[in-house]
J.: 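Before we start, here is the structure in question, set down as structure tokens.
Just the heavy atoms: all of them, side chains too, but no hydrogens, waters or symmetry mates, feed the values below. Just so it is clear, the structure is predicted and the values come from calculations on it, not from any experiment. Sequence lines set the chain letters: A, B, ... in the order given, protein chains first and strands last, and positions in each chain run from 1.
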Number of protein chains: 2
Amino acid sequence: MLSYTEENYLKTIYHLSEGGQKSVLTNEIAASLLTKAATVTDMIKKLSQKEFITYEKYYGVNVTKKGKTHALSIVRKHRLWETFLVEKLNFMWDEVHDVAEQLEHIQSPLLIEKLDEFLGYPTADPHGHPIPDKHGKIKQEKQIVLKDAIIDKALTVCAVRNGSSSFLQYLSKIGVSIGVSLIVKERIEFDGSLEVSIQNKKPQLISREAAENILVKE
Amino acid sequence: MLSYTEENYLKTIYHLSEGGQKSVLTNEIAASLLTKAATVTDMIKKLSQKEFITYEKYYGVNVTKKGKTHALSIVRKHRLWETFLVEKLNFMWDEVHDVAEQLEHIQSPLLIEKLDEFLGYPTADPHGHPIPDKHGKIKQEKQIVLKDAIIDKALTVCAVRNGSSSFLQYLSKIGVSIGVSLIVKERIEFDGSLEVSIQNKKPQLISREAAENILVKE
DNA sequence: ATAAAAGTTTAGATTAATCTAAAAAATATT
DNA sequence: AATATTTTTTAGATTAATCTAAACTTTTAT
């Protein structure tokens with residue numbers, strides 16, 4: 001059984017290790033959790049002692065099979081709760097993160113089973129992130145970063161990379177949400193911004209920064 | 001802001017102080033929380049320092065106005081979550097307590113507002129206990145302990161005093177749940193057990209012990 | 001009314017999570 | 001390659017929550 005704090009460390013390490021296969025460094029974890037490197041060193045000793053991660057002094061951390069399983073169950077809970085908050089309680093998609101951070105630590109397998117059923121076994125949360133099933137399996141569809149999308153091709157928004165309120169509110173303002181159709185009309189060489197038609201309306205400019213945080217499928 | 005642990009102490013002290021107007025004693029709190037008197041002493045010093053309770057050495061504890069307000073908000077959360085679990089997620093009424101003990105500590109006034117709305121502003125939880133409104137107001141109907149009920153009078157079950165699984169499962173078995181109609185047909189002097197007709201069916205015996213834990217209204 | 005019993009508090013430790021400052025190791029620079 | 005810089009770890013403290021054992025109050029019983 002992991003404490004609330006240990007779960008937060010494990011989840012953070014798991015997210016930092018996603019994608020890349022390099023070890024996760026002490027300072028990256030400290031930065032993510034807004035804590036100090038010394039604290040992180042203590043915690044990773046504890047987590048490696050419990051075999052959720054492996055740890056080589058000065059070289060960083062890797063998540064074990066056991067650790068990944070546990071991390072995925074936390075991610076599953078987080079995303080199911082976010083879905084509940086938006087679909088059932090009418091939260092805005094930028095209001096759910098902090099509450100889900102708390103709810104993800106509730107210990108009750110039965111609760112999660114029943115919540116999943118109540119929500120109709122969703123496969124993605126309100127930000128388009130995949131929800132692992134109860135065995136930890138993720139149904140991942142091929143996603144393209146909007147920045148790299150081909151010109152004049154019909155696209156559908158399937159996820160956002162950044163869950164910050166300011167970004168999500170900006171997206172809402174320009175009419176971008178999960179499932180919306182986009183067509184990139186032009187790429188501005190100078191600053192990497194894009195002219196994009198949203199739901200077939202007249203094209204508008206989206207900055208490179210924003211386009212790096214929007215994921216689409218064909 | 002109270003910690004998870006402080007909230008549990010405050011809630012327990014509040015419940016122990018309900019009904020009686022006597023001070024709550026250290027050992028009662030320790031027994032309720034399955035902890036030691038020395039630990040309780042430390043904690044009540046902290047809570048009285050924060051003015052949620054008043055405390056006179058060796059004579060026990062009383063909940064302040066501020067403490068009552070906070071305790072009621074925890075009780076409100078607990079009972080709203082229990083209602084959610086039973087009404088929306090199809091939990092059995094004997095399965096909800098432990099999960100609600102965790103959920104009651106989630107910090108988000110918006111969440112509770114929205115949950116309350118989603119549930120249709122319920123005034124009682126699945127065990128018949130009143131749910132304080134957002135101002136801490138409790139809609140209390142006059143309740144009678146079944147043991148003391150008048151013979152041959154039509155009654156409706158409105159609450160149970162004891163939330164243990166074993167008791168709730170027993171009640172389910174004999175067909176007693178909130179809202180069910182009862183008529184006490186006879187009181188056995190010897191052991192205080194009652195002959196009760198449940199939903200107008202043929203009377204059956206209910207022990208004094210059980211009858212002390214069932215609340216009814218006329 | 002005094003002694004015994006029961007209940008409560010204090011003192012001193014322990015564990016988890018955190019911090020700062022100093023030491024050690026790895027990486028980058030000249 | 002030697003030195004400087006950055007990163008990480010270790011050492012030593014601190015706070016919250018808990019415990020046991022000893023000391024102190026209050027209550028009960030003789």
J.: Quickly work out the Glu6(B) CD to dA16(D) P distance and round it to whole Å.
T.: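 It works out to 8 Å between those atoms.
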J.: Nearest of dC19(C), dT9(C), dT9(D) to any side-chain atom of Tyr55(B)?
T.: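 Of dC19(C), dT9(C), dT9(D), dT9(C) is nearest to the side chain of Tyr55(B).
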J.: Can you tell me the distance, in whole Å, between the CG atom of Leu25(A) and the P atom of dT27(C)?
T.: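 It is 10 Å, rounded to the nearest whole Å.
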J.: Rounded to the Å, how far apart are Asp42(B) CG and dA21(D) P?
T.: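 Going from Asp42(B) (CG) to dA21(D) (P), I get 17 Å.
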J.: Consider the side chain of Asn27(A), meaning its heavy atoms from C-beta on, and name the nucleotide among dT7(D), dT18(C), dT27(D) that approaches it most closely.
T.: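 Of the options given, the side chain of Asn27(A) lies nearest dT7(D).
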J.: Check whether any side-chain nitrogen or oxygen of Lys36(A) sits under 4.0 Å from OP1 or OP2 of dT8(D), and answer yes or no.
T.: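 So the side-chain polar atoms of Lys36(A) never come under 4.0 Å of the phosphate oxygens OP1 or OP2 of dT8(D).
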J.: May I ask you to establish whether Lys88(B) and Phe118(A) are in a cation-pi arrangement, using a distance under 6.0 Å from NZ or CZ to the six-membered ring centre and at most 45° from the ring axis?
T.: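 No, Lys88(B) does not sit over the ring of Phe118(A).
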J.: Kindly say if Lys57(A) contacts the phosphate of dT8(D), meaning a side-chain N or O under 4.0 Å from OP1 or OP2.
T.: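 Checking Lys57(A) against dT8(D): no side-chain N or O falls below 4.0 Å of OP1 or OP2.
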J.: Any idea how Phe84(B) and Trp81(B) line up, ring-wise: parallel (<30°), tilted (30 to 60°), or perpendicular (>60°)?
T.: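 Aromatic pair Phe84(B)/Trp81(B) classed perpendicular.
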J.: Is the phosphate of dT9(D) approached by Thr26(A) (side-chain N or O, under 4.0 Å from OP1 or OP2)?
T.: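 Yes, Thr26(A) has a side-chain N/O under 4.0 Å of OP1/OP2 on dT9(D).
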J.: Whole-Å distance between dT8(C) C1' and Ile29(B) CD1?
T.: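 One finds 12 Å between C1' of dT8(C) and CD1 of Ile29(B), rounded.
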J.: With DNA chain C as reference, determine whether Thr41(B) or Thr5(A) sits nearer its 5' end, using the nearest nucleotide of each.
T.: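 Residue closer to the 5' terminus by nearest nucleotide: Thr41(B).
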J.: Considering only side-chain heavy atoms of Tyr59(A), which listed nucleotide, dT26(D), dT27(C), dT10(C), is closest?
T.: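 So the nucleotide nearest the side chain must be dT27(C).
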J.: If you assign each of Ala38(A) and Tyr58(A) to its closest nucleotide in DNA chain C, which residue comes earlier from the 5' end?
T.: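 First, find each residue's nearest nucleotide; the 5'-ward one identifies Ala38(A).
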J.: If you measure from CG on Asp94(B) to CG on Leu171(B), what distance do you get to the nearest 0.5 Å?
T.: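 So the CG of Asp94(B) and the CG of Leu171(B) are separated by 10.0 Å.
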J.: What is the distance from NZ of Lys45(A) to P of dA11(D), rounded to the nearest Å?
T.: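 From Lys45(A) NZ to dA11(D) P: 8 Å.
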J.: Between atom CD in Glu7(B) and atom C1' in dA16(D), what is the gap in whole Å?
T.: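 Taking CD of Glu7(B) and C1' of dA16(D), I get 15 Å after rounding.
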J.: His70(B) vs Glu7(B), test: side-chain hydrogen bond (donor to acceptor under 3.5 Å, both in side chains). Steps then yes/no.
T.: CA-CA 8 Å; His70(B) 197 99; Glu7(B) 285 199 341; 3.1 Å; yes
J.: Decide, yes or no, whether a salt bridge links Lys134(B) with Glu113(B) under the criterion of side-chain N to carboxylate O below 4.0 Å.
T.: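 Yes, Lys134(B) and Glu113(B) are salt-bridged.
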J.: Whole angstroms only, please: what is the CD1-P distance between Ile44(B) and dG7(C)?
T.: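 That distance rounds to 15 Å.
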J.: Under 4.0 Å, counting only non-hydrogen atoms across every strand here, what does Tyr9(A) touch: a base, just sugar-phosphate, or nothing?
T.: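 Sugar-phosphate contact only.
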J.: Measuring from the side chain of Thr39(A) (C-beta onward, heavy atoms only), which nucleotide among dT9(C), dC19(C), dT9(D) has the closest atom?
T.: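 Closest nucleotide to the Thr39(A) side chain: dC19(C).
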J.: With respect to the phosphate group of dC19(C), does any side-chain polar atom (N or O) of Thr35(A) fall under 4.0 Å of OP1 or OP2?
T.: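 Answer yes for this pair, as a side-chain N or O of Thr35(A) is under 4.0 Å from OP1 or OP2.
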J.: Measure from CD on Gln49(B) to P on dT15(D) and round the result to the nearest Å.
T.: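 It works out to 14 Å between those atoms.
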